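Model, not experiment: these values are computed from the prediction.
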Amino acid sequence: MLTFEQKLAILDSYPQLERRNVSLGRVNYHFEESRQDKKTVASHIHPNGNGFVYAGLLRGYESDDKGLVNIRDYSEAELRELVDASITSLSMFIPDAPAPAKRKKKVQTGAESLWKNEDGHTLSLRFEEDLWYLYAGLQLEMAFETVEEAEEYLAEEGFVREQE
């Protein structure tokens, strides 16, 4: 198994990927030149060794319902092969590519909700310019395409919505 630092070094070696540090010490890598709706190639690369790479448009990989492959036990060669294939798949225009499972809801810019975990940390989720942004104070933590994706992430991280 590659260490967290080794996985980051491999992913950092791809100049077309943009590194984004997210909460709990995790790191995502985005491919802004994607020709698909999906832009995240690697997500939740975690110091504990866990992490995921998008393979939703690829065959031959065991992925979850979001098209993500767990790379916890991948070797360097396996990780590079998957990342290369993921970038290639996102670079191509595929007219019959599967549509995203969840569509964005029409929401007025400025919509906001507060989320708190059992340690007392508070995050705010705001809709701005067609994306959902997650903030810790003034610090941007993450961005999501749908509110469902954001709420699922927050629940996975132990946050619950505060009553308004």
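Contact check for Glu157 versus Asn117: no side-chain heavy atoms found under the 4.5 Å cut-off. A heavy-atom distance below 4.5 Å is found between the side chains of Ser13 and Arg80. In this structure the side chain of Ile71 never reaches within 4.5 angstrom of the side chain of Leu2, judged on heavy atoms. Looking at heavy atoms from C-beta onward, His30 lies in side-chain contact with Arg20 at the 4.5 angstrom threshold. You'll find the side chain of Lys38 stays beyond 4.5 Å of the side chain of Phe31, heavy atoms only. Using a 4.5 Å cut-off on side-chain heavy atoms (C-beta onward), Val160 and Glu118 make no contact. Side-chain contact check for Asn28 versus His44: some heavy-atom pair is nearer than 4.5 Å. Using a 4.5 Å heavy-atom cutoff, the side chains of Met92 and Thr88 are in contact.
With sequence neighbours left out, Glu141 forms a salt bridge (Lys or Arg N to Asp or Glu O under 4.0 Å) with no residue at all. Remark: Ser86 pairs with Val41, Val53, Tyr54, Leu90 by the side-chain contact (heavy atoms from CB on, under 4.5 Å) rule, at least two apart or across chains. Under the side-chain contact (heavy atoms from CB on, under 4.5 Å) criterion, Ser63 pairs with Val69, not counting sequence neighbours. Residues satisfying the side-chain contact (heavy atoms from CB on, under 4.5 Å) criterion with Glu81, sequence neighbours excluded, are Tyr61. Here Arg19 pairs with Asp12 under the salt bridge (Lys or Arg N to Asp or Glu O under 4.0 Å) rule; sequence neighbours left out. With sequence neighbours left out, Glu62 forms a salt bridge (Lys or Arg N to Asp or Glu O under 4.0 Å) with no residue at all.
Of all non-hydrogen atoms in Leu125 and Trp115, the two that sit nearest each other are CB-NE1, 4.0 Å. Shown here for Glu128 and Tyr133, the closest heavy-atom pair between the two residues is O-CE1, 3.2 Å. Across all non-hydrogen atoms, the minimal contact from Pro47 to Gly25 is CD-O, 3.5 Å. Shown here for Ser124 and Glu112, the closest heavy-atom pair between the two residues is CB-OE2, 3.3 Å. Heavy atoms only, all atoms of each residue included: Tyr74 and Leu82 are closest at CE2-CD2, 3.7 Å.
The distance from atom CZ of Phe52 to atom CG of Asp64, rounded to the nearest 0.5 Å, is 7.0 Å. Distance check, rounded to the nearest 0.5 Å: OG of Ser75 to CE of Met1 gives 13.0 Å. For the atom pair CE of Met142 and CG of Leu131, the computed distance is 12.0 Å after rounding to the nearest 0.5 Å. Note that OG of Ser113 is 7.5 Å distant from CG of Leu154, once rounded to the nearest 0.5 Å. In this structure, Arg26 CZ and His46 NE2 are separated by 6.0 Å, a value rounded to the nearest 0.5 Å. In this structure, CG on Leu114 lies 9.5 Å from CG on Leu123, to the nearest 0.5 angstrom.
The aromatic rings of Phe144 and Tyr153 sit tilted relative to each other, their planes meeting at an angle between 30° and 60°.
Of the possible polar contacts, none joining the Lys7 side chain to the Asn50 backbone as a donor-acceptor pair under 3.5 Å is found. Counting only distance, with no hydrogens or angles, the side chain of Glu149 and the backbone of Glu145 share a donor-acceptor pair below 3.5 Å. Formation of a donor-acceptor pair under 3.5 Å by the Arg72 side chain with backbone atoms of Asn48 is found in this model. Looking at Asp119, its side chain never comes within 3.5 Å of a backbone N or O of His121 through a donor-acceptor pair. Checking side-chain atoms of Asn21 against main-chain N and O of Val27 turns up no donor-acceptor pair under 3.5 Å. In this structure, Gln139 contributes its side chain and Ala136 its backbone to no donor-acceptor pair below 3.5 Å.
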Please evaluate residues Ile45 and Leu11 with respect to the criterion side chain to side chain contact (heavy atoms under 4.5 Å, CB included), reporting the C-alpha separation (whole Å), side-chain torsions for both, the decisive distance (0.1 Å), and the verdict. CA-CA 10 Å; Ile45 307 302; Leu11 291 162; 3.9 Å; yes
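Under 4.0 Å is where a charged nitrogen must lie from a carboxylate oxygen, and between Glu151 and Arg161 at least one such pair does.
No continuous path of hydrophobic side-chain contacts links Leu24 to Phe159 [ILVMFWY only; heavy atoms under 4.5 Å].
By the 6.0 Å contact criterion, CD on Glu33 is open, its count of non-hydrogen atoms from other residues, nucleotides or ligands being 12 or less.
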